[in-house]
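Worksheet: the structure to be examined is printed underneath.
Counting begins at 1 with the first residue of the sequence. Because the structure is predicted, anything quoted here is derived from the model rather than measured. Whatever order the structure lists them in is the order used to number ligands and atoms, beginning at 1.
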Amino acid sequence: MKIDRLELRLLTLPLVQFFETSFSRVHDKHFLLVRVDGDGVSGYGECVADRDPYYSAETNDTAWHVITEFIAPRVLGVEFAHPRELFPAMKAIRGHNMAKAAVEMAAWDLFARQRGEPLSATLGAAVAEGSAPRRTRDRIASGVSIGIQDSLDELVRKVEHELAAGYQRIKIKIKPQWDVAAVAAIRERFGAIPLMVDANAAYSIDDGSADRLGQLDDFALMMIEQPLDYDDIIEHQTLQRKLRTAICLDESIKSVNAAREALAGNACRIINIKPGRVGGFTESIRLHDLCAAHGVPVWHGGMLESGIGRAANIHLSTLPNFSLPGDIAASKRYFDPDLIDPPIEVAPDGTIGVPTGPGLGVEIRHDRVERATVRQTILNSDEVTKTQPVVA
Ligand code: OSB
Ligand code: MG
């Protein structure tokens with residue numbers, strides 16, 4: 001596989017409804033879309049960086065900079081036998097996992113399309129040499145992530161709506177002013193539904209806010225996601241010792257090495273996998289396998305992706321240790337219309353069918369991509385200047 005052209009776009013899409021976390025309320029999605037071309041075939045990758053460095057240090061502008069200046073020269077015009085070779089080829093670049101993952105995802109899609117197989121099959125076959133390819137599932141379990149609302153009544157209405165749609169578990173966003181009462185309201189109205197919370201690092205042991213989390217222990221939650229700081233492992237270890245409820249780490253798992261530290265210290269019992277956070281599919285598979293070896297279940301996180309990134313998340317979720325419902329919901333909750341046709345839909349049993357066509361297996365609506373584009377650049381293998389020392 002050789003990539004001879006890389007197209008980078010910045011897109012803006014209005015969200016169907018605002019989404020509020022402990023760190024921000026957003027009304028629109030701003031993201032980069034990568035297209036790579038090789039041997040007359042195209043592959044696509046969606047970047048999960050945002051406009052602001054609030055979920056992670058990366059932004060669309062840092063990803064744009066790193067892709068055009070540092071990643072493109074390392075992948076354009078280079079012969080790769082398999083997309084698993086891309087992450088090592090980018091090793092000299094420290095961090096910037098979302099930028100790396102976007103290009104790597106496009107390369108996986110390109111590779112799978114060139115072979116005429118669904119991305120799930122390519123991912124399932126990416127096992128240690130000598131091992132048999134993994135049989136991947138053909139439907140994945142879908143959960144829903146509900147943002148912070150303006151009132152508890154509104155929250156209860158939203159939960160009711162999503163339960164009626166069939167989602168297999170409800171996650172709500174929490175922060176110190178929106179936690180115990182919100183969970184209590186849901187339990188009171190809906191009883192023992194599969195329920196979890198995500199704090200996006202809003203609590204701290206130092207200021208005492210983490211003490212509130214003990215109160216959540218009485219609500220039989222499936223897990224509490226990322227209660228403490230985004231780069232912390234040790235304090236989560238201390239907190240997990242005190243809580244009966246499982247801690248799930250999201251932001252803190254920035255790499256497979258970070259996961260190794262978290263698992264060694266029992267800082268969590270569950271891990272959320274987002275390829276953008278760890279540098280792509282190759283690293284996500286390693287993380288998935290590491291967790292499996294520790295008996296730690298994983299689930300696929302979401303970053304309000306368009307249908308393109310959402311389809312990629314669905315394919316990765318077919319691996320066997322994705323044993324809990326992911327944050328991969330129907331297109332219509334986010335974008336109307338989505339960038340793909342048909343949109344991603346959730347069946348009444350709360351599952352999503354895995355696309356069966358080559359690569360991502362979804363039809364990209366190029367007219368909609370064009371309309372949403374606010375900035376674009378094209379890099380060709382014969383023009384890109386390889387000014388940086390390229391270390392294999
Ligand atoms: O922490 O999982 C998170 C959205 C943006 C940034 C971080 C997170 C989220 C979500 C939304 O929870 C998941 C989704 O529905 O895409
Ligand atoms: Mg999260």
Side-chain angles (χ1 to χ4, degrees), residues 13 15-31 46-60 97-98 101 140-149 158-159 161-162 165 167-175 178 195-203 221-232 236 246-254 262 268 270-278 298-314 316-317 324-335 338 343-344 346 350 352:
L13 278 180
L15 284 165
V16 168
Q17 48 190 342
F18 71 81
F19 191 76
E20 185 171 330
T21 59
S22 60
F23 58 83
S24 75
R25 178 185 281 203
V26 291
H27 297 269
D28 308 280
K29 170 84 181 168
H30 305 267
F31 63 102
E46 179 168 334
C47 184
V48 298
D50 212 328
R51 207 161 34 165
D52 316 301
Y54 299 160
Y55 168 82
S56 84
E58 290 184 83
T59 67
N60 290 329
N97 281 340
M98 293 176 173
I140 63 145
S142 176
V144 75
S145 175
I146 300 177
I148 293 168
Q149 304 295 317
K158 286 256 155 63
V159 172
H161 179 78
E162 305 299 8
Y167 289 102
Q168 293 192 9
R169 66 101 170 105
I170 301 288
K171 155 171 149 181
I172 64 162
K173 293 292 190 179
I174 59 164
K175 61 180 180 180
W178 181 268
L195 180 66
M196 60 174 286
V197 296
D198 184 0
N200 288 109
Y203 295 79
L221 298 172
M222 296 168 78
M223 68 195 93
I224 300 177
E225 184 180 345
Q226 194 69 37
L228 307 178
D229 218 355
Y230 76 99
D231 59 352
D232 171 79
H236 281 110
I247 289 178
C248 168
L249 290 179
D250 175 355
E251 284 91 328
S252 290
I253 307 299
K254 295 193 194 78
C268 62
I270 300 172
I271 284 180
N272 159 328
I273 295 184
K274 294 176 181 169
R277 213 187 49 227
V278 296
V298 302
W299 54 277
H300 206 300
M303 293 290 282
L304 312 178
E305 288 92 343
S306 84
I308 300 171
R310 195 167 295 278
N313 296 349
I314 293 170
L316 183 63
S317 303
L324 293 162
D327 274 350
I328 308 177
S331 288
K332 67 173 185 219
R333 293 191 70 244
Y334 306 87
F335 309 106
D338 201 337
I344 285 157
V346 172
I352 298 176

Best match, Gly302, Ala201, Ser56: closest heavy atom to atom 13 (C) of ligand 1: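 Nearest option to atom 13 (C) of ligand 1, by heavy atoms: Gly302.
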Selected option - heavy-atom contact closest to atom 15 (O) of ligand 1, from Tyr334, Phe23, Tyr55, Phe19: Tyr334
Residue portion contacting ligand 1 (non-hydrogen atoms closer than 4.0 Å) for [X]:
| X | answer |
| --- | --- |
| Asp198 | side chain |
| Gln226 | neither |
| Asp250 | side chain |
| Ile328 | neither |

Could you go step by step and tell me if Asp28 and Arg51 meet the salt bridge (charged side-chain N to carboxylate O under 4.0 Å, His left out) rule? CA-CA 10 Å; Asp28 308 280; Arg51 207 161 34 165; 5.5 Å; no
Give me the residue, atom name and distance of the protein heavy atom closest to [atom].
| atom | result |
| --- | --- |
| atom 6 (C) of ligand 1 | Met303 SD, 3.6 Å |
| atom 8 (C) of ligand 1 | Lys173 NZ, 3.4 Å |
| atom 1 (O) of ligand 1 | Asn200 ND2, 2.7 Å |

Quick one: does [X] get within less than 4.0 Å of ligand 1, heavy atoms only?
| X | value |
| --- | --- |
| Glu225 | yes |
| Leu304 | yes |
| Lys274 | yes |

Contact flag Asp327/the Mg ion (ligand 2), N/O/S atoms, threshold under 2.8 Å: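 Checking the Mg ion (ligand 2) against Asp327, no N, O or S atom falls under 2.8 Å.
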Using a cut-off of strictly less than 2.8 Å, determine whether Glu251 has an N/O/S atom near the Mg ion (ligand 2).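 No, outside the cut-off.
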Is there a donor-acceptor contact under 3.5 Å from the side chain of [X] to the main chain of [Y]?
| X | Y | value |
| --- | --- | --- |
| Gln168 | Ala141 | no |
| Ser252 | Asp232 | yes |
| Ser145 | Lys171 | no |
| Glu251 | Leu249 | no |
| Asn313 | Ser317 | no |
| Arg169 | Val144 | yes |
| Gln226 | Asp250 | yes |

Could Lys254 and Asp231 be called an ion pair, given the rule that one side-chain N must be under 4.0 Å from one carboxylate O?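 No.
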Value rounded to 0.5 Å, distance of CD1 in Ile172 from NZ in Lys158: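 These two atoms lie 13.0 Å from each other.
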Looking at CD1 of Ile271 and CD1 of Ile273, how far apart are the two atoms once the value is rounded to the nearest 0.5 Å?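 Rounded to the nearest 0.5 Å, the CD1-CD1 separation comes to 7.5 Å.
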Out of the N/O/S atoms in [X], what is the name of the one closest to the Mg ion (ligand 2)?
| X | result |
| --- | --- |
| Asp250 | OD2 |
| Asp198 | OD2 |
| Glu225 | OE2 |

Would you verify whether the NZ or CZ of Arg310 falls within 45 degrees of the ring axis of Tyr334 while also being under 6.0 Å from that six-membered ring's centre? yes
Arg310-ligand 1 polar pair, N/O distance under 3.5 Å: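 N/O-N/O distance below 3.5 Å does not exist for this pair.
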So if I count the atoms of ligand 1 from 1 in the order they appear, which ones are less than 4.0 Å from some heavy atom of Lys171? 2 (O), 12 (O)
